[in-house]
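Only a predicted model underlies this, so the values are computations on that prediction, with no experimental measurement involved. Chain A is the first sequence line, chain B the second, and so forth, proteins listed ahead of strands; every chain is numbered from 1.
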Amino acid sequence: MNYWLIKSEPTAFSIEQLAKEKNQTTCWDGVRNYQARNFLRDDMKRGDLAFFYHSNCSPPGIVGIVEVVREGYPDDTAFDKASDHYDPRSSKENPQWYMVDVRLKETFPRMVTLEELKSIPSLNTMKILQRGNRLSVTPVTPSEWKEVLKQLG
DNA sequence: GCCAACGTTGGC
DNA sequence: GCCAACGTTGGC
């Protein structure tokens, strides 16, 4: 079992919205970065857990946990001309972009803020804290995972 | 709104 | 294959 962190701008899709989805499940579409795509397509497995991170907001931070309930499959928003995520290079015969399905597992009683994560020395290895990191899907180590949860007491 | 960091594109 | 230009991300 692997751990992950996935980012979303809450103005685009928040954990509150996820909570209202049918079965509290959504397809994690729209990722258009090759490194992140590879994680979605090849590495995220059913049963893996991921921190749900709210980015580009004030304050940014981790707001909960989701579980991977369907492994990588073609992101069909890339085929849809009307979609913001349309990519003419991707086709059903040769899909370029992938997504997984995630289900809400837990909404934290409070956000673990970016500022808080930064203040914890043992978390300075987290990808999210690396200078200039913009990847929207990153792996989290078991010890990082545990340390974040410890902040909730 | 600013801007540093980064990924992608395309001319050569 | 190099690299400048450009677009995007995301903290502040």
Less than 3.5 Å apart, which donor and acceptor atoms pair up between the side chains of residues 107-117 of chain A and the rest of the protein, not counting sequence neighbours?
{"residue": "A:Arg110", "atom": "NH1", "partner": "A:Glu116", "partner atom": "OE1", "Å": "3.1"}
{"residue": "A:Arg110", "atom": "NH2", "partner": "A:Glu116", "partner atom": "OE2", "Å": "2.9"}
{"residue": "A:Arg110", "atom": "NH2", "partner": "A:Gln151", "partner atom": "O", "Å": "2.7"}
{"residue": "A:Thr113", "atom": "OG1", "partner": "A:Glu116", "partner atom": "N", "Å": "3.1"}
{"residue": "A:Glu116", "atom": "OE1", "partner": "A:Thr113", "partner atom": "N", "Å": "3.4"}

Show me the donor-acceptor pairs within less than 3.5 Å that the side chains of residues 56-68 of chain A make with the rest of the protein, sequence neighbours left out.
{"residue": "A:Asn56", "atom": "ND2", "partner": "A:Glu9", "partner atom": "OE1", "Å": "3.4"}
{"residue": "A:Asn56", "atom": "ND2", "partner": "A:Glu9", "partner atom": "OE2", "Å": "3.4"}

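For the segment residues 108-121 of chain A, the set of residues with a heavy atom within less than 4.0 Å of an atom of DNA chain C comprises A:Leu114, A:Lys118, in numerical order. Near DNA chain B, meaning a heavy atom under 4.0 Å from it, residues 78-101 of chain A has A:Arg89 in order of number.
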Nucleotide N/O of nucleotides 1-8 of chain C paired with protein N/O under 3.5 Å:
{"residue": "C:dT8", "atom": "O2", "partner": "A:Arg134", "partner atom": "NH1", "Å": "2.8"}

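Side-chain contact between A:Met126 and A:Thr138 is absent, with no heavy atoms from C-beta onward closer than 4.5 Å. At a threshold of 4.5 Å between non-hydrogen side-chain atoms, the residues A:Val100 and A:Glu71 do not count as touching.
In terms of phosphate contacts, A:Lys7 brings a side-chain nitrogen or oxygen within less than 4.0 Å of OP1 or OP2 of C:dG10. Within the structure, a side-chain polar atom (N or O) of A:Tyr53 is placed less than 4.0 Å from OP1 or OP2 of C:dG11.
Applying the salt bridge (Lys or Arg N to Asp or Glu O under 4.0 Å) test to every pair with at least one member in residues 21-39 of chain A, sequence neighbours left out, gives these pairs: A:Arg32-A:Asp75.
Here the straight-line distance linking atom NZ of A:Lys118 with atom CG of A:Leu129 works out to 7.5 Å at 0.5 Å rounding.
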Between A:Trp4 and A:Phe51, is a ring-ring contact (aromatic ring centres under 6.0 Å, His included) present by the stated rule, with each step listed? CA-CA 6 Å; A:Trp4 306 92; A:Phe51 287 134; over 10 Å; no
